Undergrad: 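The structure under discussion is supplied below as structure tokens; questions concerning it will follow.
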Amino acid sequence: MTIYICDDSKSDLLRLNHHLQEYLSHQDQKITIESFQSGEELLRRYEETMEKPSLIFLDIYMDDPDGMSVAHTLREEHYEGGLIFTTSSMEHAMDSYEVHALYYLQKPFTHEHFLMAMQRCEALIQTAQKKLSVSVKGKELLIAFSDILYLETGRHTVIFHTRKETFSVPG
């Protein structure tokens, strides 16, 4: 699972990263956090990578593009993961519904408020943890559902196409 954090304030990035690390230390899976100081940087990385983030934290008040514009662009690109806005104003709270944001964290937020935001993300985190068990040449292989790109079937064989490899399993 990958989580993006985007905030033009280095101190806010570090603070949010600290809250995430504390929260994720209790999770039983590998989670990668990627930090960005501009919406442009985040969108560039989003386009480049095959592994899309499951969750994105976005500051609204950043230089062009601002966080709300980034959220609209992501949704136009068919991003279906979670969005949480982190911002100093409640001015855009109603606008966050247009991009189906999961939560709106007003800065400065406490760890309790952060945990309330993460509770909204439980389903995303649980889905990212789901794995499929298959037997390949006598060995059990666990594949995260989020890593499976597509499957092919035919002639009593299932071909798995994942982010990292392609392999077949007799059916």
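Keep in mind the model is a prediction, meaning the values are calculated, not measured.
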Undergrad: Kindly write out the residues that satisfy side-chain hydrogen bond (donor to acceptor under 3.5 Å, both in side chains) with Y79, not counting sequence neighbours, or none if the list is empty.
TA: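 If we apply the side-chain hydrogen bond (donor to acceptor under 3.5 Å, both in side chains) test to Y79, skipping adjacent residues, there are no hits.
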
Undergrad: If I take atom CD from residue E41 and atom OG from residue S35, how far apart are they, to the nearest 0.5 angstrom?
TA: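 If we round to the nearest 0.5 Å, E41:CD and S35:OG are 9.0 Å apart.
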
Undergrad: Are more than 12 heavy atoms from other residues, nucleotides or ligands located less than 6.0 Å from atom CD of E165?
TA: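 Atom CD in E165 is packed in, count exceeds 12.
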
Undergrad: Could you see if F109 belongs to whatever hydrophobic cluster contains I84? Use Ile, Leu, Val, Met, Phe, Trp, Tyr and a side-chain cutoff under 4.5 Å.
TA: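 Yes, same cluster.
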
Undergrad: Same hydrophobic cluster for L115 and I31, using side-chain heavy-atom links shorter than 4.5 Å among ILVMFWY?
TA: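 They do share one cluster, since a chain of ILVMFWY contacts under 4.5 Å joins L115 to I31.
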
Undergrad: So how far is it from T49 OG1 to Y4 OH, rounded to the nearest 0.5 Å?
TA: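 Output value for this atom pair is 5.0 Å.
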
Undergrad: Does either side chain, that of S69 or that of H72, offer a donor lying less than 3.5 Å from an acceptor on the other one?
TA: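 H72 and S69 do not have a side-chain donor-acceptor pair below 3.5 Å.
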
Undergrad: Does the pair K107/D7 count as a salt bridge with the N-to-O cut at 4.0 Å?
TA: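 Yes, this pair counts.
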
Undergrad: How are the rings of H19 and H111 set to each other: parallel, tilted or perpendicular (split at 30° and 60°)?
TA: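 Rings of H19 and H111: parallel, as their planes differ by under 30°.
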
Undergrad: Considering residues, nucleotides and ligands other than E40, do more than 12 of their heavy atoms fall under 6.0 Å from its CD?
TA: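 Atom CD in E40 is not packed in, count stays at 12 or less.
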
Undergrad: Do I56 and V70 pass the side chain to side chain contact (heavy atoms under 4.5 Å, CB included) test, and can you show the C-alpha distance, the side-chain angles, and the key distance before you say yes or no?
TA: CA-CA 11 Å; I56 298 175; V70 171; over 6 Å; no

Undergrad: Please round to the nearest 0.5 Å and tell me the distance separating atom CG of L16 and atom CZ of F114.
TA: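 One gets 6.0 Å once the value is rounded to the nearest 0.5 Å.
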
